[in-house]
Amino acid sequence: MPRLGLLTVLRNILNNVNMRNKFGWADVLVICLLLSILYAAAKLGSGMRVPFSPERHPALSLDPIWLPYYAGRSLLRMFIAFAASLLFTFVYGRIAAYNRIAERVMIPAIDILQSVPVLGFLSATVLAFMALFPGSLLGVECASIFAIFTGQVWNMTFSFYHSLATIPRDLNEAAKMNRLGAWHRFSKLEVSYSMIGLVWNSMMSFGGGWFFLAASESISVLNQDIRLPGIGSYMALAADEGNIKAIVYAIATMIVLIVVVDQLFWRPIIAWSQKFKNEQTEAGEAPTSWVFDILKRAQFVRFLNRYFRTLFHDWVLRPFAKGARTAQSQRRSPVRSVAQWAIGLIAAALVLKYVAEGVLEIVKLSWNEIVHVVVLGLLTALRVFVSTILAVIWTLPVGVVIGTNPRLSRIAQPIVQILASFPANMAFPIIAIVYVKLGISLEIGAIPLMMLGTQWYVLFNVIAGAMAIPSDLKEATVILKLTRFQTWTKLILPAVFPFLVTGCITASGGAWNASIVSEIVSWKNNDLRASGLGSFIAQATTNGNWPEIIWGIIVMCLLVVIVNRLIWRRLYALAEKKYHLE
C-alpha cells in the first residue's frame with residue numbers, strides 16, 4: 001500500500017465514507033483538533049534543534065506571556081516519553097511474564113532501576129546525549145526526555161507484567177482452543193485484560209513524569225547549570241529568585257495544563273477502557289466523557305481507524321509473520337546459535353567493563369566514607385518504609401470508595417488526577433517556607449515530601465483494582481446479604497490486594513527516587529537538609545564527585561533489592577497464586 005499524505009487521506013474520506021452517515025459538526029471538530037495538534041507539535045518540536053553550547057544557553061524569562069510556550073514544550077516532552085514508555089512496557093512486560101528464566105533477571109532489574117535516582121545518572125546521560133548531538137539542543141532535550149521516561153515506565157511495566165501473570169485460566173484455555181497467534185493473543189487477550197489497570201497506572205506514571213520533568217529541565221550537573229525552556233525550569237528560576245508571583249503563575253499554568261490533558265486525553269481513554277472489564281453483567285453506571293462521545297459520532301475517526309488498521313496489517317503484521325516463519329525455520333541453525341553467544345559475550349564484557357570502572361572509582365573513598373554512606377542509606381530506608389505505610393493507611397479506603405462508586409469517581413477522578421499530576425517538587429519551595437517559619441526539621445519533614453510524590457501510586461492502583469471488580473460479584477454480596485466487614489474481607493481486599501502490592505512496590509521505588517529532592521530543599525539563602533542517602537547523592541551530583549555518586553547508587557540498589565526480596569516479592573508471589581480471578 002503506498003504511503004498517503006494528509007491531504008490524500010482527507011480526499012479518501014469523501015470517497016469512502018457511507019453517504020447515509022454524512023459529516024457533521026463532530027467531524028469538523030475532530031479534524032480541526034487533529035490539525036491543531038500536528039501544527040503545535042511541529043512548531044514546538046522545531047525549538048528542540050536550535051544551536052546549543054555550554055556558553056550559549058536558551059534564554060529564560062519570568063514574563064507570564066511565555067508560560068503557554070513553556071507549557072507546550074514540557075507537554076511535548078511528556079508525550080514523547082510516554083509513547084516510549086508504552087512501547088517498552090509491552091515488550092519488556094511480555095517477555096518477563098512468559099519467559100521464566102528471563103523473569104528472574106528482568107523483574108529484579110526493574111526493582112533496582114525504578115529506585116535508582118534519575119539525577120544520579122543524569123550527569124552521564126546529559127553528557128552522552130550532548131556528545132551524540134554536538135552543537136544542538138536536541139542532546140539535552142533527549143536527556144530530559146530520557147529522565148521523564150525513567151520516571152514513567154516502571155510503574156506501567158509492573159502493571160502490565162502483573163496482569164499477564166494473573167490472566168484467568170479459562171481465558172488462556174480459550175486462546176489456545178481458538179489457536180490465537182502471538183499478535184492476536186497480544187491484541188485480543190493480553191492488552192484487553194490488562195487495559196483497566198494499565199490505563200490507571202499510565203495516568204499515575206504520566207503524573208509522575210511531571211515530577212522528573214521539573215528536575216530534568218533545570219539541571220545542575222558538573223558545576224554547570226543547564227535550563228531548557230519549560231514549565232519546570234520556569235518554576236526553578238522563580239524559586240531561585242524568590243519570585244512568589246511567578247511561582248503562583250507557574251502553579252496556575254500547571255493546573256490548567258493538567259485539567260486540559262485530563263479532559264482531552266485521559267477521560268476519553270477511561271470511558272473507552274470500560275468495554276474491557278471482565279464481568280458477566282453490565283454495570284449500572286459507567287464513566288463518561290464528552291470528548292469520547294464526540295469521537296464516537298465522527299465518521300472521520302472511523303475512517304482513520306480502518307485506514308491505519310489496513311496500513312498496520314500490510315506493513316507490520318505480514319512482514320512480522322514472514323520473519324517469524326523464517327526465524328522458526330532457522331531455530332536450529334548453528335550460525336544463529338553462534339551469533340546469540342557472541343551477543344551475550346559482548347554484553348557481558350560491557351557489563352564487566354563498567355563494573356570494573358565503578359570499582360576503581362569506589363576504591364578512592366576511605367573506609368569511614370563507605371560506612372557513612374551505608375548508615376545514610378538506612379536512614380533513608382526508614383523514611384521510605386514509613387512514607388509507604390502512611391500512604392497505604394489513607395489510600396486503601398479512599399481508593400476503594402472512589403473505584404466502587406462511578407458517580408463519585410466522575411467527581412473525584414479529575415481532582416485526584418490534578419493532585420497526582422502536579423509535580424510535588426514544585427511545591428517544595430513553599431513547604432520550605434513553612435518549615436523555616438515553624439522550625440520543622442527536615443529529618444522528619446522529608447517524609448511528607450516523599451509522600452507528596454509517591455502516595456498516588458498506591459491510590460491509583462487501588463482505584464484500578466476496585467473498578468476491575470466484576471459487577472456480578474458485587475451483586476452476589478448483596479444477594480448473600482454480607483455485612484460490610486464480610487464484603488471487605490471476602491471480596492474487596494482479596495480483589496484489590498494484587499493491585500495494592502503493585503502500588504506499594506512502585507511507591508516504595510518512587511520514594512527512593514524522590515529522596516534525592518526531598519532530603520534537600522532550598523528557598524533563597526535557606527538550605528534545609530536531612531541526613532540521608534538522597535541528599536548525599538544530590539550533593540555529590542552537583543559537585544560531580546563520581547566515586548560518591550557511584551557508591552551512593554550502589555548502596556541504594558542493594559537496599560532496594562534486600563527490601564524487595566524480604567517483603568515485596570513474597571507479597572507479589574502471594575498475589576499471583578492466591579488472589580486473582582480464575
**Asked** Between E173 and K176, is there a side-chain N and carboxylate O pair less than 4.0 Å apart?
**Response** no
**Item:** Y249 ring center within less than 6.0 Å of Y234 ring center
**Value:** no
**Prompt:** Sub-3.5 Å donor-acceptor pair from the side chain of N461 to the main-chain atoms of Y457, do we have one?
**Reply:** yes
**Request:** Name all pairs fulfilling the ring pair (Phe, Tyr, Trp, His ring centres under 6.0 Å) condition that reach into residues 460-491, sequence neighbours left out, sorted by first residue then second.
**Result:** W200-F460
**Request:** Take V374 and W551 through the test side-chain contact (heavy atoms from CB on, under 4.5 Å) and record every step on the way to the result.
**Result:** CA-CA 9 Å; V374 175; W551 178 237; 4.1 Å; yes
**Asked** From Q152 CD over to S85 OG, what is the distance, rounded to the nearest 0.5 angstrom?
**Response** 4.5 Å
**Asked** Just by distance, do the side chain of S508 and the backbone of I505 share a donor-acceptor pair under 3.5 Å?
**Response** no
**Asked** What pairs meet the side chain to side chain donor-acceptor pair (under 3.5 Å) rule with one or both residues in residues 490-505, with sequence neighbours excluded?
**Response** none
**Asked** Parallel, tilted or perpendicular for F88 and Y92, by the 30°/60° rule?
**Response** parallel
**Message:** Nearest 0.5 angstrom please: I37 CD1 to L76 CG, how far?
**Reply:** 12.0 Å
**Prompt:** Is a side-chain N or O of N201 found less than 3.5 angstrom from the main chain of G197, in a donor-acceptor match?
**Reply:** yes
**Prompt:** CZ of F385: more than 12 outside heavy atoms within 6.0 angstrom?
**Reply:** no
**Item:** Interatomic distance, I148 atom CD1 to I80 atom CD1 [nearest 0.5 angstrom]
**Value:** 9.0 Å
**Flag for N178-R185: side-chain donor and acceptor within less than 3.5 Å** = no
**Request:** Please check if atom CG in L33 has more than 12 non-hydrogen atoms from other residues, nucleotides or ligands closer than 6.0 Å.
**Result:** yes
**Asked** Is the CD1 atom of I101 crowded by more than 12 outside heavy atoms at less than 6.0 Å?
**Response** no
